[in-house]
Amino acid sequence: KNIATEANFTWVSGSDGTIPVDHSYDTNKGHYLQLTPDQIGEGEGKNAEMRLPLFKNLDPLDFCFQLYYILRGETEIVIHAKIGEGIDELGRIKGDVKEWELYQKTYNNFEPNQNVTFFIKGQGVFNGTIAIDDFSFATGSCPEAGSCSFENAHTCTWYSNPNDQLQWRVTDGRLSHEHGPERDHTLNTTFG
């Protein structure tokens, strides 16, 4: 997690924030990133920026950018992609969202060997809170919400409640041994 030094205020991590549970584990023991008004002081128009690590030498493919978020009050998240010297807006998230919600966007990389950095900017947090959790950037277009082939160990929008006695896991025919099928349905191979 690289925190931008030019931010008006910073992201904090920890489940001691204003959101009672994180998205990953649905407990008060997990962590998420949060932006709150007590970090800002008086005034509007302030913002904080978080830079994600540089993704190097990307092939000309589609990639799925995902994160879970909560927005309370008059807040907004703006997501940018810096490619070379140019900066493109990938999306804006607005509204009053009190429970963890998924944001996903397919990023189309048209040039070979591209270096891409993503910026997540929180703004307008003078009377609200922004929280983000479970960021991912995976090869392939984003699936429709609820649909998933589970290829490349990608769980799409599905997650297993860690408090359950039994846990779902992504596996393949090589790893499922005597407890599961030898082939998957999607590829009909032991590797799927």
Hey, what do you get for [atom1] ([X]) to [atom2] ([Y]), rounding to the nearest 0.5 Å?
{"X": "Ile77", "Y": "Lys121", "atom1": "CD1", "atom2": "NZ", "result": "13.0 Å"}
{"X": "Phe119", "Y": "Lys82", "atom1": "CZ", "atom2": "NZ", "result": "5.5 Å"}
{"X": "Leu52", "Y": "Thr117", "atom1": "CG", "atom2": "OG1", "result": "8.5 Å"}
{"X": "Lys105", "Y": "Cys142", "atom1": "NZ", "atom2": "SG", "result": "9.5 Å"}
{"X": "Gln66", "Y": "Leu102", "atom1": "CD", "atom2": "CG", "result": "5.0 Å"}

Side chain to side chain contact (heavy atoms under 4.5 Å, CB included) between Leu67 and Phe65, intermediate numbers included:
CA-CA 7 Å; Leu67 59 80; Phe65 178 100; 3.9 Å; yes

What are the two closest non-hydrogen atoms of Cys64 and Ser141, and how far apart are they?
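In this case the closest contact between Cys64 and Ser141 is CB-C, 4.1 Å.
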
So which atom in Ile19 and which in Ala131 form the shortest heavy-atom distance, rounded to 0.1 Å?
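Looks like CG1-CB, 3.8 Å.
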
Under the 3.5 angstrom rule, does the side chain of [X] hit a backbone N or O of [Y] as a donor-acceptor pair?
{"X": "Thr139", "Y": "Phe63", "answer": "no"}
{"X": "Tyr103", "Y": "Arg92", "answer": "no"}
{"X": "Asp22", "Y": "Thr27", "answer": "yes"}
{"X": "Asn113", "Y": "Asn57", "answer": "no"}

Do the side chains of [Y] and [X] get nearer than 4.5 Å, heavy atoms only?
{"X": "Val116", "Y": "Phe118", "result": "yes"}
{"X": "Leu71", "Y": "Ile93", "result": "yes"}
{"X": "Asp59", "Y": "Leu61", "result": "yes"}
{"X": "Ile79", "Y": "Glu89", "result": "no"}
{"X": "Asp88", "Y": "His80", "result": "no"}

When hydrophobic residues are tied together by side-chain contacts of less than 4.5 Å, even through go-betweens, does Leu33 share a cluster with Tyr25?
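Leu33 does not cluster with Tyr25.
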
Does a donor on one side chain sit under 3.5 Å from an acceptor on the other, for Asp134 and Ser24?
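Per modelled atom types, Asp134 and Ser24 side chains form a pair under 3.5 Å.
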
Residues Tyr69 and Glu101: side-chain donor-acceptor under 3.5 angstrom
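A donor-acceptor contact under 3.5 Å links the two side chains.
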
Given the rule in the side chain to side chain contact (heavy atoms under 4.5 Å, CB included) test, do Glu99 and Val97 qualify, once you have shown the distances and angles that lead to the verdict?
CA-CA 6 Å; Glu99 300 293 326; Val97 180; 5.7 Å; no

Around atom NZ of Lys56, are there more than 12 heavy atoms of other residues, nucleotides or ligands at under 6.0 Å?
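At most 12 heavy atoms, drawn from other residues, nucleotides or ligands, come within 6.0 Å of this atom.
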
Would you please classify the geometry between the Phe137 ring and the Phe55 ring as parallel, tilted or perpendicular, with 30° and 60° separating the classes?
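Judged by the thresholds at 30° and 60°, the geometry between Phe55 and Phe137 is tilted.
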
So Trp100 and His23, would you call those rings parallel, tilted or perpendicular, with 30° and 60° as cut-offs?
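Perpendicular: the ring planes of Trp100 and His23 meet at over 60°.
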
Applying side chain to side chain contact (heavy atoms under 4.5 Å, CB included) to Tyr32 and Ile132, what does each step give before you reach the verdict?
CA-CA 6 Å; Tyr32 55 89; Ile132 64 172; over 6 Å; no

Could you walk me through whether Ile70 and Lys98 satisfy the side chain to side chain contact (heavy atoms under 4.5 Å, CB included) test, starting with their C-alpha distance in whole Å, then the side-chain angles of each, then the deciding distance to 0.1 Å, before giving a yes or no?
CA-CA 6 Å; Ile70 289 177; Lys98 300 199 183 306; 5.7 Å; no

